[in-house]
Amino acid sequence: MAIPASLALIAALLAAPAFAQEVPDALLKRVSEEVTQHEDLRVADPAKLRSLVQTKLLPHIDTRRATQVAVGVHWRRATPEQQEQLVREFTTLLVRTYSGALANYRDQVIEFLPLRANPGDTEVTVRSRIRQPGAESIMVEYDMAKGESGWKVYDIRVAGVSLVATYRTSFAEEVRNHGIDGLISTLSAKNRA
């Protein structure tokens with residue numbers, strides 16, 4: 001399926017903390033090349049793929065901001081302890097999602113489009129096109145913000161669909177039906193499954 005394979009490439013695009021001060025498109029391009037050639041990507045071992053995501057991907061995701069955006073207006077109602085639990089569970093969900101997607105990676109080619117940004121910008125969107133043998137190209141956009149530790153991704157759009165917004169819809173329904181603690185419980189149960 002095109003979307004899981006695209007998510008695999010997303011995971012490949014976001015690693016290497018030593019290069020955190022690179023310009024965002026160069027960072028994503030370099031990392032995509034490193035990860036798509038990583039030996040653990042060729043093995044169908046879920047534990048190795050999770051480890052690859054945790055060591056190469058997570059350092060370049062602003063998991064707190066991504067969680068905040070995914071939870072939406074309900075974030076402000078959560079206590080600091082609930083917010084930390086939400087970040088922890090959402091991060092685990094992202095690791096599971098990306099490692100599952102990496103298992104479907106099959107020789108896609110990533111083409112980065114010219115970055116449209118001004119030198120002082122602290123938020124940018126890096127655009128790429130993923131070409132797959134025998135399938136249509138897929139546009140993937142990475143919303144990134146520059147913080148103290150460099151550029152980090154806080155949302156990804158695959159073929160125009162925001163990953164964070166997709167979660168926001170289901171999270172809002174869960175909060176309406178069962179509250180913040182209900183959302184935390186649901187995420188925790190899903191992560192244990």
Donor-acceptor pair, side chain of Asp25 and main chain of Val126, under 3.5 angstrom: no
Does any N or O in the side chain of Asp45 come within less than 3.5 Å of the main-chain N or O of Ala47, such that one atom is a donor and the other an acceptor? yes
Please report the interatomic distance OG(Ser170) to NZ(Lys190), rounded to the nearest 0.5 Å. 6.0 Å
Give the cluster check for Val164 versus Val140: same hydrophobic cluster or not, with ILVMFWY residues linked at side-chain heavy-atom distances below 4.5 Å. no
Side chains of Thr67 and Tyr154: any donor to acceptor distance under 3.5 Å? no
Taking the side chain as C-beta and beyond, is there a heavy-atom pair between Ser128 and Tyr142 under 4.5 Å? yes
Please identify each residue that fulfils side-chain hydrogen bond (donor to acceptor under 3.5 Å, both in side chains) with Arg88, with sequence neighbours left out. none
Where at least one partner belongs to residues 62-81, residue pairs that pass salt bridge (Lys or Arg N to Asp or Glu O under 4.0 Å), sequence neighbours excluded: Arg64-Glu84, Arg65-Glu123
Side-chain contact, heavy-atom cut-off 4.5 Å: Leu58 with Thr63? yes
Decide yes or no on side-chain contact (heavy atoms from CB on, under 4.5 Å) for Val53 and Thr97, but give the supporting numbers first. CA-CA 10 Å; Val53 170; Thr97 300; over 6 Å; no
Carefully, step by step, assess Leu52 and Tyr98 under the rule side-chain contact (heavy atoms from CB on, under 4.5 Å). CA-CA 10 Å; Leu52 182 62; Tyr98 293 140; over 6 Å; no
Given the rule in the side-chain contact (heavy atoms from CB on, under 4.5 Å) test, do Arg131 and Gln108 qualify, once you have shown the distances and angles that lead to the verdict? CA-CA 6 Å; Arg131 291 182 289 147; Gln108 290 88 353; over 6 Å; no
Heavy-atom distance under 4.5 Å between the side chains of Pro24 and Leu115, does that happen here? yes
Using the test side-chain hydrogen bond (donor to acceptor under 3.5 Å, both in side chains), find all partners of Thr186 that sit at least two apart in sequence or belong to another chain. Glu174
Do Ile61 and Lys152 touch side chain to side chain, with heavy atoms closer than 4.5 Å? no
So how far is it from Arg168 CZ to Glu173 CD, rounded to the nearest 0.5 Å? 15.0 Å
Is there a side-chain contact between Gln83 and Trp75, using heavy atoms and a 4.5 Å cut-off? yes
Looking at Ile184, is its backbone amide N or carbonyl O close enough to the side chain of Ser188 to form a donor-acceptor pair, meaning the two atoms are under 3.5 Å apart? no
Looking only at side chains, do Thr92 and Arg96 share a donor and an acceptor under 3.5 Å apart? no
Going only through I, L, V, M, F, W and Y residues with side-chain contacts under 4.5 Å, is there a path from Leu93 to Val69? no
Does the pair Glu141/Arg127 count as a salt bridge with the N-to-O cut at 4.0 Å? no
Between Gln82 and Ile180 (side chain of the first, backbone of the second, donor and acceptor by atom type, cut-off under 3.5 Å), is there such a pair? no
Looking at side-chain heavy atoms only, is the closest gap between Leu86 and Val71 below 4.5 Å? yes
salt_bridge(Asp121, Lys146) N-O dist < 4.0 Å: no
Please evaluate residues Phe90 and Leu183 with respect to the criterion side-chain contact (heavy atoms from CB on, under 4.5 Å), reporting the C-alpha separation (whole Å), side-chain torsions for both, the decisive distance (0.1 Å), and the verdict. CA-CA 10 Å; Phe90 189 60; Leu183 174 58; over 6 Å; no
Quickly, which of Thr122, Thr125, Leu28 forms a side chain to side chain contact (heavy atoms under 4.5 Å, CB included) with Met144? Name it, please. Leu28
Rounded to the nearest 0.5 Å, how far does CD of Gln132 lie from OG of Ser137? 8.0 Å
Can you tell me how far apart CG (Leu57) and OG (Ser99) are? Round to the nearest 0.5 Å. 9.5 Å
